[in-house]
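Written below as structure tokens is the structure these notes are about.
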Amino acid sequence: MSVAASAKLNKTVKQQYLDLPQGDEVQATYVWIDGSGEGLRSKTRTLDWELKSLQETNLRDGCRRIMSLVEKEHPWFGMEQEYTLLDCDRHPFGWPRNGFPGPQGPYYCGVGADKAYGRDAVEAHYRACLYAGVKICGTNAEVMPAQWEFQVGPCEGVAMGDHLWMARYILHRVCEDFGLIASFDPKPIPGNWNGAGCHTNFSTQDMRQEGGLKVIEAAIERLAKRHHYHIRAYDPKGGRDNARRLTGHHETSKIDQFSAGLADRGSSIRIPQAVGEEQKGYFEDRRPSANCDPYIVTEALVRTCLLKEEGEEPADYSQ
Ligand code: ADP
Ligand code: MN
Ligand code: MN
Ligand code: MN
């Protein structure tokens, strides 16, 4: 029996049961991040008791605490989640069994059966996220065939982690129905194939207002001094996962060098072209890996850009 067996069960038969009236009972599915810091698990109960928090072991609480210190600055985040669709034997979906698809070029934002691999799952995921109230804001096919991206945001404070983790959970569930696996490995195929990141876009109220570009530049100066702290925070293995991806090729920067630039996709931090023109807006941190923990990434950005270097107090830019 192949591990994709459940995907082949008859979904029309299942629908008869899903349509049965449920009275006042509600099924509540509890989703949590497992001990690996990357995997998700879930279980379902009939809701007749109050849910108590079981999350002491994940990093949401620390993130929430740091965000509460900078509430007045209204930190917004938007994350671009890249991922790769795999068959159940972990072979990239739609790739030939012997050999490789044609070289990269036509696949990014591609249209057509020979360019877009697995769009059914992508569209189902988008709809399911909107239905669930997840703040998904876009999607596109990526540079490597069978690789995709969805964007979530803008979300304020700890909500970024909440929405991204839930979007990942929904992706795993949708893929389960299609007999696919969603992989967040930052470099699923070694060699001349793009890796998968989780670009994190960040702004504060001051950055979004008139003169915001100056505030963005000040934040980038602070980021430049804490490159290694961020690299340690940006994948679950403290930089080892991202070392396979941040090579300086395939629209990435080198893992051991900090760089920032306007409209530069080869830098650690990119100021989008439109932000340069309007002199306000947000910046993009291109370093986080596809399997990063968004609670840790957003917390690290706030600690470096908005808190005083040692103590956990908001920095005062008026001095
Ligand atoms: P890219 O050009 O890098 O591919 P995308 O369009 O994929 O950019 O993603 C842009 C992301 O930036 C989205 O997640 C969006 O929510 C986020 N974003 C837009 N404006 C802001 C802002 N002011 N602050 C923070 N994030 C923002
Ligand atoms: Mn993008
Ligand atoms: Mn992308
Ligand atoms: Mn991006």
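All ligand and atom numbering here is 1-based and tracks the order in the structure.
Which parts of ligand 1 touch E284 is read off a 4.0 Å heavy-atom cut-off, strictly below it: atoms 3 (O). If you number the atoms of ligand 1 from 1 as listed, the ones under 4.0 Å from a heavy atom of N201 come out as 10 (C), 11 (C), 12 (O), 17 (C), 25 (C), 26 (N). For ligand 1, the atoms closer than 4.0 angstrom to any heavy atom of M79 are 14 (O). Numbered from 1 in the order shown, with element, the atoms of ligand 1 that lie under 4.0 Å from a heavy atom of E149 read 7 (O). Here is the list of ligand 1 atoms found below 4.0 Å of a heavy atom in W76: 23 (N), 24 (N), 25 (C).
V143 shares a hydrophobic cluster with Y108; the chain of contacts runs through ILVMFWY side chains whose heavy atoms sit under 4.5 Å apart. The hydrophobic cluster around V13 extends to Y17, L20, counting ILVMFWY residues whose side-chain heavy atoms fall within less than 4.5 Å of a member.
Angle OE1 (E149) to the Mn ion (ligand 3) to OE2 (E142): 90°, rounded to 10°.
Protein heavy atom closest to atom 23 (N) of ligand 1, with residue, atom name and distance, is S203 OG, 3.3 Å. Considering only non-hydrogen protein atoms, atom 1 (P) of ligand 1 sits nearest to E80 OE1, 3.5 Å.
Shown here are the protein N/O/S atoms lying under 2.8 Å from the Mn ion (ligand 4), water excluded: E80 OE1, E80 OE2, H199 ND1, E284 OE2.
Of the N and O atoms on the side chains of E80 and N201, at least one donor lies less than 3.5 Å from an acceptor on the other residue.
Residue contacts with ligand 1, taken as heavy atom pairs separated by less than 4.0 Å, involve C137 solely via side-chain atoms from C-beta onward.
Residues that satisfy the side chain to side chain contact (heavy atoms under 4.5 Å, CB included) test with A167, not counting sequence neighbours, are H125, C129, V134, F150, V152.
Salt-bridge annotation for E278 and K280: absent, with no side-chain N of the basic residue lying under 4.0 Å from a carboxylate O of the acidic one.
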